[in-house]
Undergrad: 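One structure, pasted below without further comment.
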Amino acid sequence: MKTLAIALLGLLLLTPPAWGDAPQTISVGGLVVTVPSDWVQKRNENGLVLKPEGIVLWDQCTFTLLGGEAFSGSLKDRLTEEWNGFEKLGQIPDDDKGKIDGEGNAVELASRSGTLQLQNGRTLCVWLLIAKANDRIERMVFVATRAEEFTKYGKDVVGMINGLKYVPPKPAEALTGVCFGIVYIHGNVRAEPWIFLPGGEAYHGFPYGGPAHMDVEALRKTNKKNFGQYRTDGKEVVVTMPGEEPPTRFVESDGVWAATVTRPFEDRRQTSRFHWEYWTDQVETQLRIAKLPGCDGMKFAGTYKMVENGRRHALRTAKPTSTITFTADGEFVEDGVVCEMDPGEPQVGTNKRKPSLAPPAGGRGKYSIAKNTLDFVYDGGEKVSLTFLAGKWDLEKGVPDGFYLDELPLVKK
């Protein structure tokens with residue numbers, strides 16, 4: 001169990017924004033929340049973070065929905081336990097001691113608020129809320145660095161709380177076909193596709209040509225380490241990849257499958273004016289994946305721009321301002337993004353890849369989506385296919401605010 005106090009520390013180092021303004025209605029765990037139109041959202045490893053548009057920095061004023069878990073114990077005891085975590089972070093001279101509304105009813109709401117003086121001298125206004133419904137608890141925390149914002153935007157938070165609906169999360173779909181996951185590593189957001197093949201075989205990675213054109217036998221010759229085996233073990237799905245110990249164990253959690261994994265992270269420090277020292281840490285983190293619809297026949301309109309990605313040190317062909325524009329009738333125009341995204345076809349027996357077929361300076365043509373693959377067919381006849389991934393929360397809108405083409409993200413302008 002991750003306490004809210006630990007999550008609060010994460011609020012001070014939030015990850016880059018996810019995509020776009022908050023939708024009118026959102027679901028997190030067993031909560032359905034109606035969000036004011038002038039609040040924006042982003043997801044991080046702790047949950048869904050909401051912020052008023054009028055606040056510039058994400059660590060100044062946030063209302064975070066952290067999801068929930070099955071729970072049958074005392075809500076009063078759980079409130080005390082979570083609040084004790086905040087007390088370990090610093091002094092709390094102003095504390096309302098907490099209360100529980102609706103005790104014994106189908107929905108109980110515990111809350112406690114106070115002013116937290118952190119050990120680093122920083123002061124935070126904190127409002128902790130834990131709702132108990134459907135044999136679950138749902139956890140929320142409202143934080144502001146100034147009392148003025150806490151009072152001003154607290155009215156919006158009260159409105160969201162009063163309008164909450166409590167719906168048991170749907171069970172996660174079985175791990176079959178293309179599944180999409182996100183991991184957060186020291187503020188770095190990474191997409192992970194997992195493809196569960198018939199016969200108990202799993203592929204972890206971005207297959208050349210996307211899942212629709214996946215050549216399994218060719219991939220075995222160039223990416224053998226990306227193939228593993230999966231099996232069920234009670235309520236868990238256990239995936240064993242070559243050279244990995246222990247295996248990855250996925251457990252159903254709030255409509256998705258979650259696992260503790262270890263991922264490499266390249267860190268660095270400056271040792272002199274002209275020299276940097278690099279090393280790779282192995283970081284333990286949470287991976288959450290879910291089965292995706294194939295998006296067959298999907299069309300959308302809008303211009304999407306590249307997002308800065310810490311895993312790519314330099315652009316090969318595109319500019320930081322490069323974009324792709326899609327139309328609802330299936331046309332596109334781009335200025336180098338596709339060539340940048342396309343890794344090129346692997347050459348069997350070597351570690352090299354062929355150059356991308358996409359024009360380096362970009363071009364225009366027709367696009368189509370099927371089996372989680374976006375096909376670009378240029379007017380000059382070139383064809384490039386890339387893995388197309390987006391979160392369910394985006395795909396449910398019909399027009400995604402952001403998506404991944406292979407490992408690199410694009411967001412709507």
Undergrad: Which atom pair, heavy atoms only, marks the closest approach of I55 to E149?
TA: CD1-CG, 3.5 Å
Undergrad: Is it true that atom CZ of R364 has more than 12 heavy atoms of other residues, nucleotides or ligands lying nearer than 6.0 Å?
TA: no
Undergrad: Can a donor-acceptor pair be found, under 3.5 Å and without considering hydrogens, that links the side chain of Q347 to the backbone of K352?
TA: no
Undergrad: Give, for atom CG of N223 and atom NZ of K221, the distance between the pair rounded to the nearest 0.5 Å.
TA: 13.0 Å
Undergrad: Is there a donor-acceptor contact under 3.5 Å from the side chain of N226 to the main chain of Y203?
TA: no
Undergrad: Within a radius of less than 6.0 Å around NZ of K305, do more than 12 heavy atoms belonging to other residues, nucleotides or ligands occur?
TA: no
Undergrad: Could you state the interatomic distance from OG1 (T285) to CZ (R263), rounded to the nearest 0.5 Å?
TA: 9.0 Å
Undergrad: Do D38 side-chain atoms and P52 backbone N/O form a donor-acceptor pair below 3.5 Å?
TA: no
Undergrad: Would you mind telling me which of Y367, Y378, Y304 makes a side chain to side chain donor-acceptor pair (under 3.5 Å) with E334?
TA: Y378
Undergrad: If you compare all heavy atoms of G209 against all heavy atoms of T373, which two are closest, and at what distance to 0.1 Å?
TA: O-CG2, 3.4 Å
Undergrad: What is the minimum heavy-atom distance between F332 and G363, and which atoms define it?
TA: CE1-O, 3.9 Å
Undergrad: Before we go on, tell me: are the rings of Y230 and W194 under 6.0 Å apart, centre to centre?
TA: no
Undergrad: Salt bridge (charged side-chain N to carboxylate O under 4.0 Å, His left out), that's the test. Do R136 and E138 meet it? Break it down for me.
TA: CA-CA 7 Å; R136 291 172 50 88; E138 309 292 344; 2.7 Å; yes
Undergrad: Take atom CD in E201; do more than 12 heavy atoms of anything else shown fall under 6.0 Å from it?
TA: yes
Undergrad: Give a yes or no on whether a salt bridge exists between R78 and E69, defined as a side-chain N under 4.0 angstrom from a carboxylate O.
TA: yes
Undergrad: Test your reading of the model: is there a side-chain donor-acceptor pair from D135 to the backbone of S72, 3.5 Å cut-off?
TA: no
Undergrad: Near K366 NZ, under 6.0 Å, is it more than 12 heavy atoms from other residues, nucleotides or ligands?
TA: yes
Undergrad: Find the distance between NZ (K132) and CG (L109) and round it off to the nearest 0.5 Å.
TA: 13.0 Å
Undergrad: Would you give the length of the straight line joining atom CD of E108 to atom CG of L79, rounded to the nearest 0.5 angstrom?
TA: 11.5 Å
Undergrad: Determine the interplanar angle of the F142 and F150 rings, folded into 0 to 90°, and report it as parallel if under 30°, tilted if 30 to 60°, perpendicular if over 60°.
TA: parallel
Undergrad: Any carboxylate oxygen within less than 4.0 angstrom of a Lys/Arg side-chain nitrogen, looking at E277 and R268?
TA: no
Undergrad: Between the main-chain N or O of A358 and the side-chain N or O of S356, is there a donor-acceptor pair closer than 3.5 Å?
TA: yes
Undergrad: I'd like to know if the side chain of N120 reaches the main chain of R122, judged simply by a donor and an acceptor atom lying under 3.5 Å from each other, with no hydrogens or angles considered.
TA: yes
Undergrad: What distance separates L48 CG from T62 OG1, expressed to the nearest 0.5 Å?
TA: 11.0 Å
Undergrad: Within this structure, what is the CZ-CG distance for the pair F376 and L357, rounded to the nearest 0.5 Å?
TA: 13.5 Å
Undergrad: Are any side-chain N or O atoms of N372 and backbone N or O atoms of P293, one a donor and one an acceptor, separated by less than 3.5 Å?
TA: yes
Undergrad: Donor-acceptor pair, W257 side chain versus E173 backbone, under 3.5 Å?
TA: yes
Undergrad: Starting from the C-alpha separation in whole Å, work towards a yes-or-no answer on salt bridge (charged side-chain N to carboxylate O under 4.0 Å, His left out) for R353 and E345.
TA: CA-CA 5 Å; R353 290 177 176 267; E345 183 179 0; over 6 Å; no
Undergrad: My understanding is that only one of I324, T323, T325 makes a side chain to side chain contact (heavy atoms under 4.5 Å, CB included) with D335; could you say which?
TA: T323
Undergrad: When the aromatic ring centroids of F206 and Y404 are compared, is their separation below 6.0 Å?
TA: no
Undergrad: If you draw a 6.0 Å radius around NZ in K291, do more than 12 non-hydrogen atoms from other residues or ligands fall strictly inside?
TA: yes
